[in-house]
Structure formats: C-alpha cells, structure tokens
There are 2 protein chains.
Amino acid sequence: MPEGSSPPMGQSLLFLTDEQLRKGIEAMFFAYRGFTADPDRILAQKSYGRAHHRAIHFIHRSPGTTVNNLLSILGVTKQSLNRVLRTLIEDGLVASTVGTRDKRERHLHLTTEGAALERELSDAQRDRMRAAYRAAGPAAVAGFRQVLEAMMDDETRHHYEAMKEKTE
Amino acid sequence: MPEGSSPPMGQSLLFLTDEQLRKGIEAMFFAYRGFTADPDRILAQKSYGRAHHRAIHFIHRSPGTTVNNLLSILGVTKQSLNRVLRTLIEDGLVASTVGTRDKRERHLHLTTEGAALERELSDAQRDRMRAAYRAAGPAAVAGFRQVLEAMMDDETRHHYEAMKEKTE
DNA sequence: TTGGAATGTCAACAAAGCTGACGTATTGTG
DNA sequence: CACAATACGTCAGCTTTGTTGACATTCCAA
C-alpha cells in the first residue's frame, strides 16, 4: 500500500459513508409518508385505499391498458389487483371493455367520474411535490430524480422509462 | 398584465410543470419498491415483515428508547407496534427493561441476535443505496436529500432532524 | 380438434394498520 | 393522602391489501 496515494476522498466520497447512507435511508422512509399523506386523506373519506389510487393513476396514464399490463407495472398479484378493480368498476370510476382482438383481455379506462377523482388525487399530491421542488430548486430536483432512478430494480426501471417516454 | 414581463421561465421553472411533477411522483413510487426489496427478501425468510424492520432500525438508532417515543417516530398506534414488539421480544431480538427513573416506561434495546439481524438488513439496504449514490454522484445526492426533506410533514421532519443530529 | 397457455374470477388466509375498551403500575398534583 | 394523568399491555373486532390455490373462459398452435 503506497503512502500518499490518497484518492480525492475529502470532497467526493464522504457521501458514501455508512452514516450518509443511513441518513438517506431515513430520509426516504420519512419522505414517503409525506408523499402519500395527502392522497391518503382524500381516499379515506371515500373509503378507498392506496391501492385504488395506484390503479387509477396508471389507468389514467395508459388508457386502454390491460389487466395484465397493469399487473406488471404495479407488481402485485392479479387477485390483489382484481379486488381493487372490481370495486372501482362497480362504483363506476373505471370502465372495463372486452378486447376486440383478444376477447380474454379487458381494456381499462377511467370514466368521467374516475377522471375527476384522479384529478383530485394527483392535484393534492402534486401540490406537495411542487412545494418541495420549489423549495429545493432545479439542480436538487435533477439530483433527486437521478438517485431515485438508480435505486430502482432493473425491471421496474423499464416500466418507469416506458411511462416517461409516453408523453415526451 | 404587462407584456414582456416574462420571468426567467425557460430554464428555471420548467421543473415545476405538471409533467415534471408527475415523473417525480412515479419515480418516488417505483424507487420505493427498490428501496424495500432487499430487506423484504431477508425478512420473508424469517417470517417477519416491514414493520419488524422499522422497529429494529429505530431501536438500533436510539438504544434505550421508550415505547412511546418509538410510537411517535413510526407514526402507528401502540396496538400495532405492540404486536410487532411482542414477537421481537419473544424471539429474543429485543430486550425490554423497566425504566429506572420512571418505572412505567420500558426501555428497548437490541440483543446480540437482534443487532445481527439489524446488521444484515441494513447492509442489504445500504448496498443498494450505495450503488445508487455512486451512480448519481455527490451533487445529485445532495439534491436528493434536499427534495426528500422538503417533502416531509413538519412533525415528521422534526423526528428526522433529531435522528440526524444524534451522530453528527 | 384438442391440449396448453393466457386471462380473469372466487375463496380463504396472513400481515399490519385501525378503533374502542379495559387493566395495571407508576407518577405527579391538588 | 386521594385521585387524576401517564405509560404500557392486551383483548376484541374491523379494514386494506397482499398472498396461494382452484377454476372457468378464451385463444392458439400442434
């Protein structure tokens, strides 16, 4: 081990100490609570849960998506998604139409009422996000997104990238 | 509305568009899955859940903490925490000792075995965090933390700040 | 045409949150 | 001292959201 071969530790690698990593972990945990808090409050009033929000969000994002596609995006079992979807369909927030090419598939759309709830939920969530973004500034936001993307599983990142490109 | 009074929109406020905010929201959702994936795998083997992980994490961070304090950090009810805590104590991962100054309080510590599991879980979680940090670089990490902190509820941020200072 | 794959539904169960009620030990206060 | 408040534990019961397993329907390809 040659002496004096010190790498540029002082400024560039301190952010990789266990201490820094732990702070990042705790920040992630605490921030996620804030992230879900506002939609959760709205959902509770209507006796829906976070799972309903997720379904509504991604149906809004990809109108006409199939149950199977939604499944792989959300990363849950079809039985779990089905329960949520059933209530949303019963309540008239989501429309499920049998596929024309493949009749096994169901294509999912938000109804007018469903779109209204989507709007209400995403407005609430965006308000907090906007405040956080504004407080932190554009450079911080870029870093925020970079780290989050690097944190995803490969398969998950594919879903994310696909969603990202859809409206770019 | 005076014409030509355009603010510096082009570069500085594009990150506040609904589109950008939506991407941030989805990034948060997908990244959180990666964030919990590795510990979840370890926990499943031992038939514990995420709730056990959280308890273990914060007992490790604040040895001797009381049940009440843990409650307010985790933001759950005592009944919910108690179920988790009871199994951890039964399994010999956590030690609960009657307070000396106030005998109503229980002070919580990790046993040797509990510390071993904590180590295993946080190693796994840190590994992913480290990879993400390394990939994104120090500037991005600073931004990441800034945005997360701005996203927290006020009360939650107080907990976070208190934890942060504990080892600085 | 028939058997396997894909899609979606029903039933039953588990984890982890919640409320409400109650018991016990201890502390602090009028 | 008597009594209210606090800290903790527990029982019962409910909700949301995840899981497996079994099964019906539909499509496609051998």
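Residue numbers begin at 1 in each chain, while the letters A, B, ... track the order of the sequences.
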Measuring from atom CG of Leu117(A) to atom CG of Leu110(A), what distance do you get when rounded to the nearest 0.5 angstrom?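 Rounded to the nearest 0.5 Å, the CG-CG separation comes to 9.0 Å.
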Euclidean distance, Arg145(B) CZ relative to Tyr160(B) OH, rounded to 0.5 Å: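 Here the rounded value is 3.5 Å.
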For atom CD of Glu155(B), decide whether the heavy atoms of other residues, nucleotides or ligands shown that lie under 6.0 angstrom number more than 12.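 No, CD of Glu155(B) has 12 or fewer neighbouring heavy atoms, counting only those of other groups under 6.0 Å.
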Hey, does Gly99(A) reach any base, or is it just sugar-phosphate, or nothing, if we go heavy atoms under 4.0 Å?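 Nothing, no nucleic acid heavy atom in range.
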Under 4.0 Å between any heavy atoms, over every strand shown, what does Thr66(B) touch: base, sugar-phosphate, or nothing? Just pick one.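 Touches sugar-phosphate only.
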Provide, to the nearest angstrom, the distance between the [atom1] atom belonging to [X] and the [atom2] atom belonging to [N].
X         : N      : atom1 : atom2 : value
Leu71(B)  : dC8(D) : CG    : C1'   : 10 Å
Lys103(B) : dG9(D) : NZ    : P     : 17 Å
Arg104(B) : dA4(D) : CZ    : P     : 16 Å

For the residue pair His159(A) and Glu26(B), confirm or rule out a side-chain donor-acceptor distance under 3.5 Å.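 The criterion, which ignores hydrogens and geometry beyond distance, is not satisfied for Glu26(B) and His159(A).
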OP1, OP2 of [N] versus side-chain N and O of [X]: anything below 4.0 Å?
X        : N       : value
Asn68(B) : dA7(D)  : yes
Arg86(B) : dT10(D) : yes
Thr77(A) : dT19(D) : yes

Any pair with a residue in residues 82-95 of chain A that passes salt bridge (charged side-chain N to carboxylate O under 4.0 Å, His left out), sequence neighbours left out, goes on the list, sorted by first then second residue, please.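 Every pair satisfying salt bridge (charged side-chain N to carboxylate O under 4.0 Å, His left out) with a residue in residues 82-95 of chain A: there are none.
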I'd like a list of close polar pairs between nucleotides 14-16 of chain D and the protein, N/O only, cut-off under 3.5 Å.
none

What bend angle does the helix from dT1(C)-dA30(D) to dG30(C)-dC1(D) show across its length, from five-pair end axes and to the nearest 10 degrees?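 One end axis against the other gives 10°.
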Classify the side chain of Gln79(B) and the base of dG9(D) as holding, or not holding, a donor-acceptor pair under 3.5 Å.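 Between dG9(D) and Gln79(B), which were checked side chain against base, a qualifying N/O pair under 3.5 Å is absent.
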